[in-house]
Amino acid sequence: MPDPVTGLPVVGMIGGGQLSRMTHQAAIALGLSLRVLADAPTDGAALVTPDVEVGAADDPAAVAAFAKSCDVVTFDHEHVPQDVIRELVSAGATVYPGADALRYAQDKRAMRQKLSELGIAVPRWSNDPDGLPRPYVAKAVRGGYDGRGVWFIGPGDELPDTDLIFEERVAIVHELAIQVARTPSGKVRCWPVVETVQKAGICVEVVAPAPRLSTSLAAQAEEIATTIATELGVVGVLAVELFEAPNGLLVNELAMRPHNSGHWSIEGSTTSQFEQHVRAVLDWPLGDTRPRARSTVMVNLLGGPHTDLANSLPAAMAESPTASIHLYGKGARPGRKLGHVTTLGDDLVETRDRARRAVAVLRGED
Ligand SMILES: Nc1ncnc2c1ncn2[C@@H]1O[C@H](COP(=O)(O)OP(=O)(O)OP(=O)(O)O)[C@@H](O)[C@H]1O
Ligand SMILES: [Mg+2]
């Protein structure tokens, strides 16, 4: 049901976190307003959109009631159960990405199997805890994020008591990610490959484009992302996390939504991942994805022991006037992703320094 004032379609997003908040921000620029199903009224997106409903993403009644007034329903996380999505679709809702595609972002076993079938290289893996030599990496099939659900298992270690797959510990040269958007009519557009830096399983920094990547591997990553988006029938933004290993690229993980590795695109690309996601799920033409600068650096702001944003936000603005600061409307707790900072420039080292300095000040370290 289009918006009664503008006549423009209504996009509903299930999940009210920062991805939803930033998608709302992009939707506003297009004359839209995101409709949000949030877990709580204090969720980042619920704080900033008037059109919010509070309900659980796995509650079929809440999801169905929410979807009724949306022209298209999409997600800011992977946690809507398959049967809930399928019920929505049989009741007449348009849902992107669809359940068949989303399955591969919800279930790491299904994802590893499918990519292997498509001939896309993934780390050597097994369903059998004795199928690989230790040390190896055990991964929860469902529900992991920010390194929760990933265990490095040595010879004497006990296995966690959950559904697991097992994979070789890859000798990672660099971690990379590539994002691609696909429309229901099959148009596809990639952003440049980025390098991601993780600490303790959490992404802390992203550099776009990946500064140490050969043009042939960059082209290969684009081909991998395009193949996955097309073969899995993804609609919206797809993020493909990759390992650059000594023998080439391996796909680590898929996310079918805007993703932390794409936040750089808000300032760093002509079309941000959030705007592109909205365009894609509405089957509108996709925007240009070229970078605006030689280097764009995004540094995540994780809460520290002394983070006090009321004081540190103006201090960071004073320290780094060229840093684009994004805060997600969260209370500061150690380790929590509270926001990010993006800088653009010609010189990677100087550009990265500016972003890191701003984040250090925001954390209350300087
Ligand atoms: N097979 C592997 N070999 C070596 N390191 C790995 C392997 N798998 C994962 N890692 C490391 O652990 C990190 C987190 O793994 P992964 O992305 O699979 O988990 P996640 O918790 O689902 O993450 P996300 O927050 O991206 O959803 C990776 O970015 C990488 O640094
Ligand atoms: Mg990951």
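Just follow the structure's listing: the first ligand is 1, and inside any ligand the first atom is 1. No experiment lies behind these values; they were computed from the predicted model shown.
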Trainee: I need the nearest protein heavy-atom contact for atom 21 (O) of ligand 1: residue, atom name and distance, please.
Mentor: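 For atom 21 (O) of ligand 1, the nearest protein heavy atom is G147 N, 2.7 Å.
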Trainee: For atom 6 (C) of ligand 1, what is the closest protein heavy atom, and at what distance to 0.1 Å?
Mentor: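 Nearest protein contact, heavy atoms only, for atom 6 (C) of ligand 1 is F243 CZ, 3.7 Å.
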Trainee: So, the side chain of S214 versus the backbone of L217: is there a donor-acceptor pair under 3.5 Å, distance only?
Mentor: yes
Trainee: Hey, does the side chain of R21 reach the backbone of G44 with a donor-acceptor pair shorter than 3.5 angstrom?
Mentor: yes
Trainee: Under 4.0 Å, heavy atoms only, figure out whether ligand 1 is touched by the backbone of V137, its side chain, both or neither.
Mentor: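 The side chain, only.
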Trainee: Taking heavy atoms and a distance under 4.0 Å, where does T196 meet ligand 1: side chain, backbone, both or neither?
Mentor: neither
Trainee: Just so I know, are the side chains of R189 and Q276 near enough to count as touching, which here means a heavy-atom distance under 4.5 Å?
Mentor: yes
Trainee: Indicate yes or no: does an N/O atom of E168 lie under 3.5 Å from an N/O atom of ligand 1?
Mentor: yes
Trainee: Give a yes-or-no answer on whether the side chains of R354 and T322 include a donor-acceptor pair shorter than 3.5 Å.
Mentor: yes
Trainee: Tell me, which protein residue and heavy-atom name are nearest atom 13 (C) of ligand 1, and how many Å apart are they?
Mentor: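 Protein heavy atom at minimum distance: G201 CA, 4.2 Å.
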Trainee: Above 12 or not: heavy atoms from other molecules or residues under 6.0 Å from CZ of R292?
Mentor: yes
Trainee: Just by distance, do the side chain of R134 and the backbone of D157 share a donor-acceptor pair under 3.5 Å?
Mentor: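 Yes, because the side chain of R134 sits within donor-acceptor range (under 3.5 Å) of the backbone of D157.
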Trainee: Specify the protein heavy atom at minimum distance from atom 3 (N) of ligand 1: its residue, its atom name, and the distance to 0.1 Å.
Mentor: V170 N, 2.9 Å
Trainee: For K199 and N300, test the side chains for any donor-to-acceptor distance below 3.5 angstrom and give the result as yes or no.
Mentor: no
Trainee: Once the angle between the rings of H263 and Y328 is folded into 0 to 90°, is it parallel (under 30°), tilted (30 to 60°) or perpendicular (over 60°)?
Mentor: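 If you compare the ring of H263 with that of Y328, the planes turn out perpendicular.
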Trainee: Between E253 and K108, does at least one N-O distance fall below 4.0 Å, as a salt bridge requires?
Mentor: yes
Trainee: Between T307 (side chain only) and R363 (backbone N and O only), is there a donor and an acceptor less than 3.5 Å apart?
Mentor: yes
Trainee: Can you pull out the closest protein heavy atom to atom 28 (C) of ligand 1? Residue, atom name and distance to 0.1 Å, please.
Mentor: E175 OE1, 3.6 Å
Trainee: Which bit of R148 gets closer than 4.0 Å to ligand 1, counting heavy atoms only: side chain, backbone, both or neither?
Mentor: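 R148 to ligand 1: backbone contact only, side chain stays beyond 4.0 Å.
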Trainee: Scan the side chains in residues 177-184 for donor-acceptor partners under 3.5 Å anywhere in the protein, sequence neighbours excluded, and list what turns up.
Mentor:
residue : atom : partner : partner atom : Å
Q179    : OE1  : G262    : N            : 3.4
Q179    : NE2  : Q273    : OE1          : 2.8
R182    : NH1  : V234    : O            : 3.0
T183    : OG1  : S185    : N            : 3.4
T183    : OG1  : S185    : OG           : 3.3
T183    : OG1  : G186    : N            : 3.3
T183    : OG1  : K187    : N            : 3.0

Trainee: List-wise, which protein N, O or S atoms are found short of 2.8 Å from the Mg ion (ligand 2)?
Mentor: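 Those protein N, O or S atoms (cut-off: under 2.8 Å from the Mg ion (ligand 2)) are E241 OE1, E241 OE2, E253 OE1.
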Trainee: Other than V150, what residues sit in its cluster of Ile, Leu, Val, Met, Phe, Trp and Tyr side chains whose heavy atoms are under 4.5 Å apart, directly or through others?
Mentor: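 Members besides V150, by chain and number: V137, F152.
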Trainee: Looking only at protein heavy atoms, identify the closest one to atom 5 (N) of ligand 1 and say how far it is in Å.
Mentor: I172 CD1, 3.5 Å
Trainee: Using a strict cut-off of 4.0 Å, indicate which atoms of ligand 1 neighbour a heavy atom of Y145.
Mentor: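 Near Y145, the atoms of ligand 1 are 21 (O), 25 (O), 27 (O).
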Trainee: Provide the number and element of each atom of ligand 1 under 4.0 Å from a heavy atom of K108.
Mentor: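 Numbered from 1, ligand 1 contributes 18 (O), 19 (O), 20 (P), 22 (O).
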Trainee: Going by the order shown, which atoms of ligand 1 are within less than 4.0 Å of some heavy atom of R169?
Mentor: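 Counting from 1, the qualifying ligand atoms are 3 (N).
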Trainee: What protein heavy atom lies closest to atom 9 (C) of ligand 1? Include the residue and the distance to one decimal.
Mentor: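 Among all protein heavy atoms, the one nearest atom 9 (C) of ligand 1 is K139 NZ, 3.5 Å.
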Trainee: Please work out which of H259, E253, Q198 has its closest non-hydrogen atom nearest to atom 23 (O) of ligand 1.
Mentor: E253
Trainee: Check for me whether Y136 has a heavy atom closer than 4.0 Å to any atom of ligand 1.
Mentor: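 Distance cut 4.0 Å: Y136 fails for ligand 1.
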Trainee: Is there a donor-acceptor pair closer than 3.5 Å between any side-chain N or O of Q106 and the backbone N or O of E78?
Mentor: yes
Trainee: Do me a favour and list the nearest non-hydrogen protein atom to atom 26 (O) of ligand 1 with residue, atom name and distance?
Mentor: E241 OE2, 2.8 Å
Trainee: Under 3.5 Å between any N/O of P123 and any N/O of ligand 1: does that happen in this structure?
Mentor: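 P123 vs ligand 1: no N/O contact under 3.5 Å.
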Trainee: Return yes if some donor-acceptor pair links the side-chain N/O of D128 with the main-chain N/O of D130 below 3.5 Å, else return no.
Mentor: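 At least one qualifying donor-acceptor pair exists.
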Trainee: Can you give the donor-acceptor pairs under 3.5 Å from side chains of residues 221-233 to other protein atoms, not counting sequence neighbours?
Mentor:
residue : atom : partner : partner atom : Å
T226    : OG1  : E222    : O            : 2.7
T227    : OG1  : E223    : O            : 2.7
T230    : OG1  : T226    : O            : 2.7

